[in-house]
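Computed from a predicted structure; not experimentally measured. Below, read A as the first sequence line, B as the second, and so on, with proteins coming before strands; counting in each chain starts at 1.
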Amino acid sequence: MTVAPQYRLHNPKVIFETIEGETVIVDLGTGSYFSLVGAGSIVWTELTAGRSLDEILTRLNFEFDAVPREIEKAVSDLLQELVCEGLIIAVQTAAADPRSVESPPGHLDERPSSKRTFEPPRLQKFSDMQELLLLDPVHDVDSTGWPHAGDTSRA
Amino acid sequence: MDLETEPFLPRVSAIIPVYNGAPFLAEAIASVRAQNYPSLEILVVDDGSTDETAEVAASFGSQVRYFFQENRGPAAARNRGIKEASGDVMAFLDADDLWTPNRLEPLLTVLQIHPEVDIVMGHSCSFDNGQPVPLATRLDLAPDSQPEIRPPFLAFLIGSALGRRSLFEHIGGFDEALRFCEDIDWFMRAREEGVRIQVLKLVTLLYRVHTDSFTYSVKARADYGMAQVFRRSIERRRKAGNGSVRELAPLQIEIDG
């Protein structure tokens, strides 16, 4: 059995959302935020869903028109960058059974009608909010956006 | 700025949006009145409260201009305040927060001396609801004089800032579609336009934390709101830059006290 790295979120202060195909990652500890689009957004989504590197590569090879080695290199570079930024951490795990990159992963049930052009994912970093501490106090509101109604305890 | 001798004092509109905030509103209004600034109006915009908010506002008589509207959220309430305001400078305070004593004069002085600055802001200091309100207003005084309070922090909380009225006419008000982080969105839009923001080494806002209201589901929605606001800013800059996204204009942060 081989041992392959798997990745998980490193910093509990990292929040992220994918909106219209663009993943925005916010590091609340530093104020830095990041953008990933295209294959990069897919990598992040799969990774945070707990999928292994093998599964991520299988999905990308399934969806994008590129030689597997090119995709593997680009994903490896991206993962390294995400590790360097402190957004994810590598954990050692036993590898799953090797799969063919041509086999669709279990959570993909339909082959795309045409494969998309592959562009190596690029992590775009923004440091223009670093002066600002984006911690939980700014969230201290209820689901309507107002401070909690009916909170009557006083100083 | 000397309030006794200054020939022209800018008129300040202090806008307090509130929704069922009766337990805190009087204290918030008092923190504005305590500034002892002569050219000031206080506008309370009630966003459909069902508690005694109207009665609390009425207890201040003609010192407070009170407006009621159907519930549309904090952004809409602030925008209503801007629409009704007569001041040259807009200031905001959420009904459960407090202005620090004597914060208005140093903030206004920056706008008076530096016409190129459109937003001036300070730091915030949080305190738990039910706990004593922190008194320190200088960043460098806070740790020693009140070791029990949390360190001041810098955040895009609109209550910590003043903005020229002309700025709201230029970049617009708060996005009423947002329920979270609408003030961060407004600040980011200003920075995208290259607006100069001066940050003073001063605590200007006391931010009340309601720990009992902070549920996981609300946090998840708020996190989504923040990511949404950041993404909208990236998208606007991407369009403006024909695909490339530039960094936002830097803040002008005061170094010396």
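- Between chain A and the residues B/Ala227, B/Gly225, B/Ser124, the most heavy-atom pairs under 4.5 angstrom are made by B/Ala227.
- We find the CG-CE distance between B/Leu154 and A/Met129 to be 9.5 Å, quoted to the nearest 0.5 Å.
- At a 4.5 Å heavy-atom cutoff, the contact between B/Arg238 and chain A is made by side-chain atoms alone.
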Can you list, pair by pair, the side-chain donor-acceptor contacts under 3.5 Å of residues 240-251 of chain B, counting residues two or more places apart and other chains?
from	atom 1	to	atom 2	distance (Å)
B/Ser244	OG	B/Gly241	O	3.2
B/Arg246	NH2	B/Glu192	O	3.0
B/Glu247	OE1	A/Asp128	N	3.3
B/Glu247	OE2	A/Ser127	N	2.9

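- A 6.0 Å sphere centred on CD of A/Glu119 holds no more than 12 heavy atoms belonging to other residues, nucleotides or ligands.
- Both the backbone and the side chain of B/Gln228 come within contact range of chain A, with heavy atoms under 4.5 Å apart.
- For chain B, the nearby parts of A/Glu20 are the backbone and the side chain; heavy atoms of each come within less than 4.5 Å.
- Remark: B/Glu55 CD is packed, more than 12 non-hydrogen atoms of other residues, nucleotides or ligands lying under 6.0 Å away.
- Residues satisfying the ring-ring contact (aromatic ring centres under 6.0 Å, His included) test with A/Phe16, not counting sequence neighbours, are A/Trp44.
- For a heavy-atom cut-off of 4.5 Å, chain B lies close to A/Tyr33, A/Ser35, A/Val37 in residues 33-42 of chain A.
- Inter-residue side-chain proximity for A/Ile19 and B/Glu235 is flagged as unmet; no heavy-atom pair is nearer than 4.5 Å.
- Classification of A/Glu17 and B/Arg231 as a salt-bridged pair fails, no side-chain N sitting under 4.0 Å from a carboxylate O.
- With sequence neighbours left out, the ring-ring contact (aromatic ring centres under 6.0 Å, His included) criterion links A/Tyr7 to no other residue.
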